[in-house]
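Working notes, beginning with the structure itself.
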Amino acid sequence: MTDLPVAAGLPDARPHVLYVAWGYPPSRGAGMYRALATANGFAREGWRVTVLTATRETFERLNGTDPEAETSIHPDIKVVRIPFDPDRGEGDLAKWSRLRIFSPLLWNGLRWLRALAGFPEVAYGSWRRPLAAAAQSIHEADPVSLVVGTANPNVDFVPGDHLYRRFGVPYVMDHRDAWHLNVYTGKRVGSRRSRSNRLERRMLDHAIEAWFVNAPIRDWHAQNHPERANRFHVVANGFDPAFLDRSKIEKRTRPADLTVGYLGTIYGPIPLRETLEGWRLARQRSSVLASASLVFRGRLGHFAEPDPEAAALLDEFRDDRVIYAGPVSKTQVSAVYSEFDLLLLIISRSRYVTSGKVFEYAATGLPIAALHDPISAATSVLDGYPSLFAADEVSAEAFAHAIVAASEFAATMTNHEILAAQEWAQHLARDEQLLPRITALSELIGNGVGA
């Protein structure tokens with residue numbers, strides 16, 4: 001879409017999108033990168049963009065921050081920040097009510113019941129009213145042409161639903177995962193007749209589009225909502241060229257100096273123990289790995305406090321040259337990848353799980369040992385990748401075989417092979433996934449949809 005000129009003294013004629021995302025910079029959550037890229041994509045394509053999100057203090061209190069990521073917000077974007085559940089995580093007893101001091105358990109239970117009465121989502125329901133009020137104020141001050149809400153949490157869909165019902169504003173539902181599909185087990189969440197299931201069906205009835213990160217999740221929703229399937233689209237994640245300088249990644253070591261790397265969140269569902277046991281076996285079997293190191297970079301769990309179980313498991317294997325080197329700002333990933341000779345892709349077992357890191361891993365051009373069940377949606381993303389060494393099952397033995405094969409390739413690979421793999425991965429850039437939908441929405445809004 002070409003930027004529309006604004007004549008002197010006339011209102012800005014460009015369409016105005018309200019983008020709603022709980023996880024937006026400086027949030028450190030995994031979904032932040034999709035939110036950042038989507039809002040920036042609309043701005044680059046000529047839309048006026050207002051982002052509705054939580055305060056910086058919210059992220060500092062609950063899941064940690066990445067302040068440098070905030071510098072990547074498009075300069076034309078207006079960010080509106082509103083508080084999110086300020087009582088949650090409050091450690092100052094002087095600010096506690098008498099009921100909370102008397103019985104924190106009772107106080108918290110009553111608070112959650114009040115929140116669920118507003119919106120059926122544990123821990124986030126209390127945000128419904130502030131979001132709806134903020135969205136209405138934004139629209140009344142500067143009419144909104146389109147609302148895009150990205151989940152989770154699913155309460156982010158409230159502004160779109162509210163402005164549609166009150167003012168007829170069209171909206172898009174962007175499911176980063178899914179509301180009523182457990183992507184790890186493949187089972188439905190809740191009864192079809194539950195309040196939240198009925199609410200999602202109503203929202204899907206009126207959404208002009210719904211986005212899903214991979215085909216299996218889209219297909220599950222199409223099967224469960226066949227009358228709406230023509231409005232369901234796959235908008236995959238992707239790597240962000242603005243953050244990943246691939247020119248810095250090249251063959252850099254002698255075989256004896258190999259550094260095997262993992263970059264991403266380290267959390268419960270991933271086969272971490274099988275990976276570490278496989279690493280131990282691989283080092284016993286391959287001279288290439290005798291003095292190699294396995295370096296983990298990323299958050300231990302999804303919250304501000306590190307996951308003690310993950311930390312203990314990594315520490316258990318420290319004598320096997322396993323190193324945890326801490327979290328990484330998105331702005332520093334190029335430097336981290338340049339220190340690695342090959343990558344371990346460790347993701348949970350589910351046909352509905354892709355993992356955002358699979359795109360970035362492929363973009364590096366480095367060899368990848370895929371340590372996950374072949375059923376994962378990541379398998380199709382990497383189909384054809386030139387330097388892929390995939391385990392055929394989740395076990396220490398299968399993982400050891402993949403690690404040995406990948407490390408032996410890494411020991412002799414050339415810069416030409418890295419460049420060839422980077423070129424293969426070009427189609428996985430995030431804009432390649434986003435632009436078709438932004439273009440389609442530009443045409444729909446230009447044709448008066450929702451007017």
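Along the sequence shown, the residues carry numbers beginning at 1.
- Put simply, the side chain of Thr379 gets close to the backbone of Pro374: a donor and an acceptor are under 3.5 Å apart.
- Within the 4.5 Å cutoff, side-chain heavy atoms of Leu163 are placed close to those of Leu18.
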Evaluate salt bridge (Lys or Arg N to Asp or Glu O under 4.0 Å) for Arg56 paired with Glu60, printing each intermediate quantity in order.
CA-CA 6 Å; Arg56 296 177 181 87; Glu60 292 169 356; over 6 Å; no
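- For the atom pair CZ of Phe243 and CG of Leu36, the computed distance is 5.0 Å after rounding to the nearest 0.5 Å.
- Taking a cutoff of 4.0 Å between a charged side-chain nitrogen and a carboxylate oxygen, Asp142 and Arg48 qualify as a salt bridge.
- Here the CG atom belonging to Leu444 is positioned 5.5 Å from the CD1 atom belonging to Ile208, to the nearest 0.5 angstrom.
- Counting heavy atoms from C-beta on, the side chains of Leu131 and Leu52 come closer than 4.5 Å.
- Here Met203 contributes atom CE and Phe157 contributes atom CZ; the two are 8.0 Å apart, rounded to the nearest 0.5 Å.
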Run Phe409 and Phe389 through ring-ring contact (aromatic ring centres under 6.0 Å, His included) and show every step you take.
CA-CA 9 Å; Phe409 179 86; Phe389 303 86; 5.5 Å; yes
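- Side chains of Ile418 and Met413 form a contact here, defined as non-hydrogen atoms less than 4.5 Å apart.
- Within the 3.5 Å criterion, the main-chain N or O of Gln422 finds no donor-acceptor partner in the side chain of Gln426.
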Please assess Leu441 against Val172 for the test side chain to side chain contact (heavy atoms under 4.5 Å, CB included), listing each intermediate value before the final yes or no.
CA-CA 9 Å; Leu441 289 169; Val172 172; 3.9 Å; yes
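- Glu397 and Ser395 share no side-chain donor-acceptor pair at under 3.5 Å.
- Note: Leu263 CG to Arg297 CZ = 7.0 Å, rounded to the nearest 0.5 Å.
- Asn224 contributes a side-chain N or O that, together with a main-chain N or O of Trp220, makes up a donor-acceptor pair within less than 3.5 Å.
- A salt bridge links Arg61 with Glu57: the closest approach of a Lys/Arg side-chain nitrogen to an acidic carboxylate oxygen falls below 4.0 angstrom.
- Under a 3.5 Å cut-off, the side chain of Asn182 and the backbone N or O of Tyr184 do form a donor-acceptor pair.
- Residues Arg246 and Phe239 meet the side-chain proximity criterion, which asks for heavy atoms closer than 4.5 Å.
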Please evaluate residues Asp174 and Arg34 with respect to the criterion salt bridge (Lys or Arg N to Asp or Glu O under 4.0 Å), reporting the C-alpha separation (whole Å), side-chain torsions for both, the decisive distance (0.1 Å), and the verdict.
CA-CA 10 Å; Asp174 178 17; Arg34 182 178 179 92; 2.9 Å; yes
Step-by-step side-chain hydrogen bond (donor to acceptor under 3.5 Å, both in side chains) determination, Thr150 to Asp156:
CA-CA 6 Å; Thr150 186; Asp156 284 349; over 6 Å; no
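- The aromatic rings of Phe296 and Tyr262 sit tilted relative to each other, their planes meeting at an angle between 30° and 60°.
- Using cut-offs of 30° and 60° on the angle between ring planes, the pair His221 and His225 is parallel.
- Checked by atom type and distance alone, the side chain of Asn415 never pairs as donor or acceptor with a backbone atom of Glu250 at under 3.5 Å.
- Side chain to side chain, His16 and Thr50 meet the donor-acceptor criterion of an N or O pair below 3.5 Å.
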Stepwise side chain to side chain contact (heavy atoms under 4.5 Å, CB included) check, Glu70 with Tyr24
CA-CA 8 Å; Glu70 205 168 352; Tyr24 191 71; over 6 Å; no
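- Between Glu121 and Arg128, no side-chain nitrogen of the basic residue sits less than 4.0 Å from a carboxylate oxygen of the acidic one, so the salt-bridge criterion is not met.
- In this structure, a donor-acceptor pair under 3.5 Å is absent between the side chains of Ser380 and Asp383.
- Rounding to the nearest 0.5 Å places CG of Leu294 at 5.5 Å from CG of Leu344.
- A salt bridge does not link Arg351 with Asp373: every distance from a Lys NZ or Arg NE/NH1/NH2 to an Asp or Glu carboxylate oxygen is 4.0 Å or more.
- With contacts defined as side-chain heavy-atom distances shorter than 4.5 Å, the pair Val260/Phe340 does not qualify.
- The backbone N or O of Ala378 sits less than 3.5 Å from a side-chain atom of Ser376, completing a donor-acceptor pair.
- Using a 4.0 Å cut-off between charged nitrogen and carboxylate oxygen, Arg437 and Glu45 do not count as a salt-bridge pair.
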Please step through side-chain hydrogen bond (donor to acceptor under 3.5 Å, both in side chains) for the pair Thr55 and Thr58, ending with a clear verdict.
CA-CA 5 Å; Thr55 60; Thr58 296; 2.8 Å; yes
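- Aromatic ring centres of Phe84 and Tyr124 lie closer together than 6.0 Å.
- In this structure the side chain of Thr53 never reaches within 4.5 angstrom of the side chain of Val80, judged on heavy atoms.
- Neither side chain, Ser350 nor Ser348, offers a donor N or O lying under 3.5 Å from an acceptor on the other.
- Counting heavy atoms from C-beta outward, Val148 and Phe42 have side chains that approach closer than 4.5 Å.
- Phe212 and His175 have parallel rings, their planes meeting at less than 30° on a 0 to 90° scale where 60° marks the start of perpendicular.
- Between Asp66 and Arg28, none of the side-chain N atoms (NZ, or NE/NH1/NH2) sits under 4.0 Å from a carboxylate O, so this pair counts as no salt bridge.
- Between the side chain of Glu309 and the main chain of Tyr267, no donor-acceptor pair closer than 3.5 Å is present.
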Show, in sequence, the C-alpha distance, side-chain angles and deciding distance for Trp211 and Glu209, and conclude whether the side-chain hydrogen bond (donor to acceptor under 3.5 Å, both in side chains) test is met.
CA-CA 7 Å; Trp211 297 355; Glu209 290 191 355; 2.8 Å; yes
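- Between Leu276 and Leu313, some side-chain heavy-atom pair lies under the 4.5 Å cut-off.
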Start with the C-alpha gap between Val213 and Val234, add the side-chain angles, then the distance that decides, and say whether side chain to side chain contact (heavy atoms under 4.5 Å, CB included) holds.
CA-CA 6 Å; Val213 296; Val234 173; over 6 Å; no
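- Salt-bridge annotation for Arg202 and Asp161: present, with a side-chain N of the basic residue lying under 4.0 Å from a carboxylate O of the acidic one.
- Residue Arg430 holds its CZ atom at 10.0 Å from OH of Tyr33, rounded to the nearest 0.5 Å.
- The pair Arg201-Asp205 does not count as a salt bridge, with every side-chain nitrogen at least 4.0 angstrom from each carboxylate oxygen.
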Please assess Trp22 against Ser27 for the test side-chain hydrogen bond (donor to acceptor under 3.5 Å, both in side chains), listing each intermediate value before the final yes or no.
CA-CA 9 Å; Trp22 186 88; Ser27 169; over 6 Å; no
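- At least one donor-acceptor pair closer than 3.5 Å links the side chain of Thr275 to the backbone N or O of Pro271.
- Between the side chain of Ser387 and the main chain of Pro367, no donor-acceptor pair closer than 3.5 Å is present.
- Ser407 contributes a side-chain N or O that, together with a main-chain N or O of Ile403, makes up a donor-acceptor pair within less than 3.5 Å.
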